[in-house]
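Only one structure is covered here, and it is reproduced in the block below.
Since we're looking at a predicted model, the values are computed, not measured. Scope of the values below: all heavy atoms of this structure, side chains included, with no hydrogens, waters or symmetry mates.
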Amino acid sequence: MPELADVEGFRRLLGGLDGAEVGSVEVMDQAVIRNVDASGFRRALRRRRWRRPERIGKWLLASTDGPTIVFHFGMTGSLIWDATSPSRQGDDRLAFVTDAGELRFRDRRRLGRVYLATSAEEVDDVVGELGPDALGVAAPVFRARLAARRSTIKAALLDQAGVAGLGNFLSDEVLWRAGIDPVTRTDQMSDAQWKALHGSSQSVLRAAARAGHTPRGPRWLTGARWGDPALCPSCGGRLERRTVAGRTSVWCPICQGAESRRASS
DNA sequence: TCAGTTGTTTATAT
DNA sequence: AATATAAACAACTG
């Protein structure tokens, strides 16, 4: 679930609490908090109020009038707001409880991580080497940072140190819309292909961020990738599925094949 | 039992 | 030095 678009949805959810009290913190699973213990976490957030949250790539910086909570959602993490019928599930790891309802960090597989940071430097240490956010990055920067990696374009898109926020589904989606085969080497891409890729990434990310998740509608590769058979929403041909850069990649060999490579170069 | 799953880190090999 | 690959982390589904 959590790529840039999903985390943007969590950011908006949290942004709606701006100025509200953080509430009492309950830690149901100590293991998700990586740099302080449960009592330290609770103590640091006692009587705090939420401030405007920020997102960088797949990281959510949840500021308060005290410390900042830094969230990474792994493969299955999410933020849930439960206002009316508080009922926790076994995969709810943290809860921020107020009279109005409770905000929960939910994570089934527990690959998500939560940190407490008290300065901008600590935030930087937690998030590590991170490129500019993929949503809104200018075309020349986008190209320069991706081309700095001499690899397949799929691997470059997945590398958070180049451009931050694209995961496996969004990467496949933007490559499909740009008509680029995922195994194309970055140093083999034409000007037209870079332009198409930047364009498709911005339009995909704008729509997905607005939705708060990557759309799985009929005009989206993400909606077609689990079909049986999986068919290209554009040409109707059979989609290819193979591991690229360590991840299951789905693409259309017709729309993203050698033909389109020649046509756009 | 085995394959597969949206993310990242680590070890190892090239 | 970079890049590629697999495994590990963890948990569940079919």
Whole angstrom value for the distance that separates C1' of B:dT8 from CG of A:Leu166: 15 Å

B:dT5 phosphate, OP1 or OP2, under 4.0 Å from A:Thr248 side-chain N/O: yes

Sugar-phosphate only, base, or nothing, as touched by A:Gly246 at under 4.0 Å among non-hydrogen atoms: nothing

Upstream residue (5' side of DNA chain C) when A:Arg185 and A:Arg108 are each assigned their closest nucleotide: A:Arg185

Short side-chain N/O contact to B:dT8 OP1/OP2 from A:Arg113, under 4.0 Å: no

Phosphate OP1/OP2 of C:dA8: any A:Arg110 side-chain N/O under 4.0 Å: no

Any A:His72 side-chain N or O less than 4.0 Å from OP1/OP2 of B:dT8: yes

Distance-only side-chain donor-acceptor flag, A:Thr222 / A:Glu173, under 3.5 Å: yes

Distance in Å, A:Leu205 CG paired with A:Leu4 CG, rounded so as to fall on 0.5 Å steps: 5.5 Å

Rounded P spacing from B:dT8 to C:dA1 in Å: 25 Å

Interatomic distance, A:Arg247 CZ vs B:dA3 C1' [rounded to whole Å]: 15 Å

Nearest-angstrom distance from the residue atom CG of A:Leu157 to P of C:dT3: 14 Å

N or O in side chain of A:Arg149 less than 4.0 angstrom from C:dA4 OP1/OP2: yes

Between C1' of B:dT10 and CG of A:Leu111, the distance in whole Å: 15 Å

A:Glu129 CD to B:dT10 P, straight-line distance once rounded to whole Å: 14 Å

Spacing of A:Gln89 atom CD relative to C:dA11 atom P, expressed in whole Å: 16 Å

N/O (side chain, A:Arg109) to phosphate O (OP1/OP2, B:dT8) under 4.0 Å: no

Gap between atoms OH and C1', on A:Tyr115 and B:dT9 respectively (whole Å): 10 Å

Whole-Å P distance, C:dA10 and B:dA11: 16 Å

Of A:Arg247, A:Glu3, A:Lys154, the residue whose pairing with A:Asn168 passes side-chain hydrogen bond (donor to acceptor under 3.5 Å, both in side chains): A:Lys154

Length of the line joining A:Leu158:CG and C:dT3:C1', which is rounded to integer Å: 14 Å

Side-chain donor-acceptor pair present, A:Thr118, A:Glu122, cut-off under 3.5 Å: yes

Residue pair A:Pro233 / A:Trp176, side-chain heavy-atom distance below 4.5 Å: yes

